[in-house]
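Quick one: structure below, then a few questions.
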Amino acid sequence: MAHRGGTLRRLLELTFCITGIWSAYIYQGVLQETVSTKRFGPNKERFEHLAFLNLAQSAVCLLWSFMMIKLWGNRKGGHAPWWSYWSAGITNTIGPAMGIEALKYISYPAQVLAKSSKMITVMLMGTFVYGIRYSFPEYLCSLLVAGGVSFFALAKTSSKTINKLANPNAPFGYGLCFLNLVFDGFTNATQDSISARYPKTNAWNMMLGMNLWGTIYNLMFMFGYPQASGYQAVQFCNNNPEAAWDILYYCLCGAIGQNFIFFTISRFGSLTNTTITTTRKFVSIVVSSLLSGNPLSNKQWGSVAMVFAGLSYQIYLKRKKKAKMMKKKKKFF
């Protein structure tokens, strides 16, 4: 009975994590696409200052993590000092800004698929920088993802989205997504290094450090000189309160989503979190397609299937590798 109770509790916790991550990030994706494409006010103006979203998100997540540390954080010390996040803060500021800027040139589903190819940049950096050799199944996963993203970009789509996807600057949009992945790879590597050097650093400490530097850098970029776009973004929000509310909801979704991700990793590990976030991306594409009234073509749905087949196979390989390592560890002891 105790075993059944423990299993049921774990199942409820997993359901709680899935619901939280999917709800927060799917709705955030809808809001991100809304802010970048919607016409606000009587003059039907678009919110052109998308980099302002990064500043707002960093500020809200900074406040959120500060409150979490004050309420439930470990105050004994031993965690990473705030200045150790400065380099990761740079790439974590520039990377997302490029991802948001890409929405001016490509659709949201296209951006989601392009950013799903993170494994490609990881393998490229591992091969050419560190000389790491990968197995054939890993190269197969990478090929499926790269092929799916490429076919999605080249495939014909519905008449409602053809203008945006056929934009002459679409390659620039995909290039921004690729750079976003490169910077994200550096950010993740630096975070792993910080965790290794300061084992007592918890998720909220890291969330605070990253968003502190993100807020500082974004403030300098958005308000560092008289003609900076931050002043125009604030003026736009003052004239269009609806846009301001959409931005606030966007930021709150990001803060809530980060907390669910950290909870998932602490309870079930990074592999489970990867599985949940990967399937969430597919659902985001479906939701975006339905809500925007811009259906994808059959060829593009085929490309989506290719990408997520590669990602699913990658998750399977990781799970298999982890099980093999656990088996060796038990045999050793």
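The residues of the chain are indexed from 1 along the displayed sequence.
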At their closest point, which heavy atom of Ala244 faces which heavy atom of Cys237, and how far apart are they?
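Taking Ala244 first and Cys237 second, the nearest heavy atoms are CB-CB, 3.9 Å.
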How long is the span from the OG1 atom in Thr215 to the CD atom in Gln57, to the nearest 0.5 Å?
10.0 Å
Backbone of Thr91 reached by a side-chain donor or acceptor of Tyr217 within 3.5 Å:
no
Rounded to the nearest 0.5 Å, what separates atom CG in Leu176 from atom CG in Leu181?
11.0 Å
Nearest 0.5 angstrom please: Ser65 OG to Gln258 CD, how far?
8.0 Å
More than 12 non-hydrogen atoms from neighbouring residues, nucleotides or ligands closer than 6.0 Å to CZ on Phe66, yes or no?
no
Atom pair CG/NZ of Leu208 and Lys70 - distance to nearest 0.5 Å
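Here the rounded value is 10.0 Å.
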Once you round to the nearest 0.5 Å, how far does NE2 of His49 lie from CZ of Phe236?
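That separation rounds to 7.5 Å.
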Pair Met98-Cys177, side-chain contact (heavy atoms from CB on, under 4.5 Å): steps then yes or no:
CA-CA 7 Å; Met98 289 181 171; Cys177 285; over 6 Å; no
Considering residues, nucleotides and ligands other than Phe40, do more than 12 of their heavy atoms fall under 6.0 Å from its CZ?
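Buried by this count: over 12 neighbours within 6.0 Å.
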Is there a donor-acceptor pair under 3.5 Å between the side chain of Tyr25 and the backbone N or O of Cys253?
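No.
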If you count the non-hydrogen atoms of other residues, nucleotides and ligands that lie under 6.0 Å from OH in Tyr231, is the total more than 12?
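For Tyr231, atom OH is crowded (more than 12 foreign heavy atoms under 6.0 Å).
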Rounded to the nearest 0.5 angstrom, the CG-CZ distance for Leu55 and Phe223 is 6.0 Å
Over all heavy atoms of both residues, which pair between Cys251 and Val60 is shortest? Give the atoms and the distance, please.
CB-CG2, 3.6 Å
Side chain Asn92, main chain Ala88, donor-acceptor under 3.5 Å
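Looks like no, no N/O pair under 3.5 Å.
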Nearest heavy atoms of Leu31 and Tyr250, plus distance in Å
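Distance-wise, the nearest heavy atoms are CD1-N, 3.5 Å.
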Report yes if some heavy atom in the side chain of Phe178 is under 4.5 Å from a heavy atom in the side chain of Tyr174; otherwise report no.
no
Heavy-atom side-chain contact between Asn240 and Phe47 under 4.5 Å:
no
Which pair of heavy atoms, one from Asn218 and one from Ser58, lies closest together, and at what distance?
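Minimum heavy-atom contact is ND2-OG, 3.7 Å.
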Say whether Leu71 and Met206 are linked into one hydrophobic cluster, either directly or through other cluster members, by side-chain heavy-atom distances under 4.5 angstrom.
yes
Quick one: which residue pairs count as a salt bridge (Lys or Arg N to Asp or Glu O under 4.0 Å) with a foot in residues 225-249, not counting sequence neighbours?
Lys38-Glu242
For the residue pair Asn211 and Trp64, confirm or rule out a side-chain donor-acceptor distance under 3.5 Å.
no
Test item: Trp204 side-chain N/O and Met67 main-chain N/O as donor-acceptor pair under 3.5 Å:
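Looks like no, no N/O pair under 3.5 Å.
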If you take all heavy atoms of Thr93 and Gly214, which pair is closest and at what distance?
OG1-CA, 3.5 Å
Taking the side chain from Asn239 and the backbone from Gln235, do they hold a donor-acceptor pair closer than 3.5 Å?
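Answer holds: yes.
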Knowing that exactly one of Trp82, Trp83, Tyr85 qualifies, which makes a ring-ring contact (aromatic ring centres under 6.0 Å, His included) with Trp213?
Trp82
Closest heavy-atom contact between Ala255 and Asn259?
O-ND2, 2.9 Å
